[in-house]
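Just so you know, these numbers use all the heavy atoms, side chains as well, and skip hydrogens, waters and symmetry mates. We're numbering straight along the sequence, starting at 1.
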Amino acid sequence: MTRPRTSPATPGADTEPRTRAEPGTPAEKRADAESRTDGTQDRASTEGRASTQGRASTGGRASTAGRASTQDRAATEGQAHAPHPSATPGTPLALALTPPPDLRADLTAHLGSAAGAWLHRALDEAAAHPGTHGPISVWELRIAEAGRRCGSEYADAARVLILHAARADTDALTRVYFQGTAAERRAVLHALPHLVPGPEALPLVEDALRTNDTRLLAAAVGPYAARHLDPHQWRHAVLKCLFTGVRVDTVADLDRRAHRDAELARMLGDYAAERTAAGRPVPEDLHRVLTLTDPTAIPPAPAAERGSRGTDGKES
C-alpha cells in the first residue's frame, strides 16, 4: 500500500510535506526505521521543508519555511559545503546527463569528510543490497536522509548516485517517487536516463508534469522525457514550462525537437495572443522557442559548437 499523495507543492518549493500514513503502512515503517537508524524521533528537514506536523529538525533546529544557511548546516554537521554546479537548481540537466562515475567524483571532491564518508557507506550499502527488500530497503533510508547528511545543495546528486548504486528498476523508482518528498521525486526523475532505457517510467514524468512545483517540472523535462514523450505530450510540457516560469534551458533536446515543429509554433502563437489580449507580458523564452520552430531556420549546431549551452539537445 503506497502512502497517501500530498497536494501539489507551490511553485519553486524545495520539497513537499509528507502526510501521516495509517499505522503499519510502508511509509510509517519507513519513518520509524529511519528514526531508529539516525537516533532521532523525527526526520530532519534541512532542505527547507515546512514542518506541518510540528516536528523539530536535527540538532533541535526548527523546520521553518526559511531554510537554514549553509554556514549553519556546516556548523551542525561539522563540514563545509561549497556551491556545486551539478546539484544546484539552475542546472538540473547536469544530474541527468553526467555519467554516475563522473558525478560521484565531482560530488565527493566537494563534500566535507563526514559527508563524504557517509556517502561512501551509503553507496556501498546500496550496491551490496540492491533492489527492494520488505517494507523498506536500507538504501531508501539513505535517500531520505541525504539532505541532512550532505546539505540541500548536494542532496539531489547524492540521491541519484544511491539510486544508481541500488540498480533501482522501474518498480523501485515508482515506489520511491510516490512515497517520497518532492526532493526525492526530483532525484528519481534525474536518475531515469541512467536506469530506465525504455518508456516504462513515463507515468512518473507525466505525474510530475501535472504539478506546479517548478523544480519538479524542471527535472521532468530532462533527457528521459526528450527521448520518450510523444510530440503532443512534449509540446504541452514546453508550454507548461513557459506558463510556470521554468526556463526552457532546462528542456533537454529542445533545439532538435522544436525544429520545424509547425504545431508547436501554432500553440506558441495562440498562447502569446492570449497573453497579449489579457494585457499580460509574453515570456521571453517563448520567442526563443518560436524561433526554433521556424522551418527556414538553420538546424541546431552540434553540442560542442554551442558553448555555454552545450547540454541543450544532448542525450546521455
S.K.: Taking all atoms of both residues into account, what is the closest heavy-atom pair of A115 and R149, and its distance?
M.R.: CB-O, 3.5 Å

S.K.: When you compare the side chain of H232 with that of E263, does any pair of heavy atoms fall below 4.5 Å?
M.R.: no

S.K.: Could you pull out all residues at least two apart from D124 that satisfy side chain to side chain contact (heavy atoms under 4.5 Å, CB included)?
M.R.: H120

S.K.: Please report the interatomic distance CG(L97) to NE2(H190), rounded to the nearest 0.5 Å.
M.R.: 10.5 Å

S.K.: Evaluate the side-chain proximity of L254 to R288: yes if any heavy-atom separation is below 4.5 Å, no if none is.
M.R.: yes

S.K.: Could you give the distance from CG (D102) to CG (L107), rounded to the nearest 0.5 Å?
M.R.: 12.5 Å

S.K.: For D261, which residues count as a salt bridge (charged side-chain N to carboxylate O under 4.0 Å, His left out) partner, sequence neighbours excluded?
M.R.: R235

S.K.: Evaluate side-chain contact (heavy atoms from CB on, under 4.5 Å) for T181 paired with R186, printing each intermediate quantity in order.
M.R.: CA-CA 9 Å; T181 64; R186 280 200 312 271; over 6 Å; no

S.K.: Is the shortest heavy-atom distance from the side chain of H110 to the side chain of Y154 under 4.5 Å?
M.R.: yes

S.K.: At what distance, to the nearest 0.5 angstrom, does CD1 of I143 lie from OG of S137?
M.R.: 9.5 Å

S.K.: May I ask you to decide whether R215 forms a salt bridge with D213, counting only side-chain N to carboxylate O separations under 4.0 Å?
M.R.: no

S.K.: Indicate the ring-plane relationship of H194 and H164, choosing parallel, tilted or perpendicular according to the 30° and 60° boundaries.
M.R.: perpendicular

S.K.: Over all heavy atoms of both residues, which pair between W234 and A252 is shortest? Give the atoms and the distance, please.
M.R.: NE1-O, 4.4 Å

S.K.: If I compare all heavy atoms of L216 with all of A182, which pair ends up nearest, and what's the gap?
M.R.: CD1-O, 3.9 Å

S.K.: In Å, rounded to the nearest 0.5 Å, how long is the span from CG of L264 to CG of L290?
M.R.: 8.0 Å

S.K.: Looking only at non-hydrogen atoms, find the nearest pair between A208 and L217 and report the distance.
M.R.: O-CD2, 3.4 Å

S.K.: Could I get the full list of side chain to side chain contact (heavy atoms under 4.5 Å, CB included) partners for T276, not counting sequence neighbours?
M.R.: V282

S.K.: Got E140 and V176 here, is their nearest side-chain heavy-atom distance under 4.5 Å?
M.R.: yes

S.K.: Return the set of residues passing side chain to side chain contact (heavy atoms under 4.5 Å, CB included) with A191 (not counting sequence neighbours), or none when no residue passes.
M.R.: V160, L163, L195

S.K.: By the ring pair (Phe, Tyr, Trp, His ring centres under 6.0 Å) test, which pairs, at least two apart or in different chains, include something from residues 237-257?
M.R.: none

S.K.: Quick check: closest heavy atoms across P130 and R167, and the distance to 0.1 Å?
M.R.: CG-NH2, 2.9 Å

S.K.: Apply side-chain contact (heavy atoms from CB on, under 4.5 Å) to the pair F178 and L204, showing each step before the final yes or no.
M.R.: CA-CA 9 Å; F178 283 111; L204 306 184; 3.6 Å; yes

S.K.: To the nearest 0.5 Å, how far apart are OH in Y177 and CD in E184?
M.R.: 12.0 Å

S.K.: Which pair of heavy atoms, one from L119 and one from A158, lies closest together, and at what distance?
M.R.: CD1-CB, 4.1 Å

S.K.: For R247, is there any backbone N or O sitting under 3.5 Å from a side-chain donor or acceptor partner on T250?
M.R.: yes

S.K.: With a cut-off of 3.5 Å and sequence neighbours excluded, list every side-chain donor-acceptor pair involving residues 268-275.
M.R.:
unit_1 : atom_1 : unit_2 : atom_2 : d
D270   : OD2    : R266   : NH1    : 2.7
R275   : NE     : P281   : O      : 3.0
R275   : NH2    : P281   : O      : 3.0

S.K.: Do Y224 and L202 have side-chain heavy atoms sitting under 4.5 Å apart?
M.R.: yes

S.K.: Rounded to the nearest 0.5 Å, what separation is found between the CD atom of E206 and the NE2 atom of H228?
M.R.: 12.0 Å

S.K.: Using the rule side-chain contact (heavy atoms from CB on, under 4.5 Å), only one of V221, L292, L286, D285 pairs with V248; which is it?
M.R.: D285

S.K.: Could you walk me through whether R159 and R142 pass side-chain contact (heavy atoms from CB on, under 4.5 Å), step by step?
M.R.: CA-CA 8 Å; R159 291 182 178 116; R142 303 300 169 247; over 6 Å; no

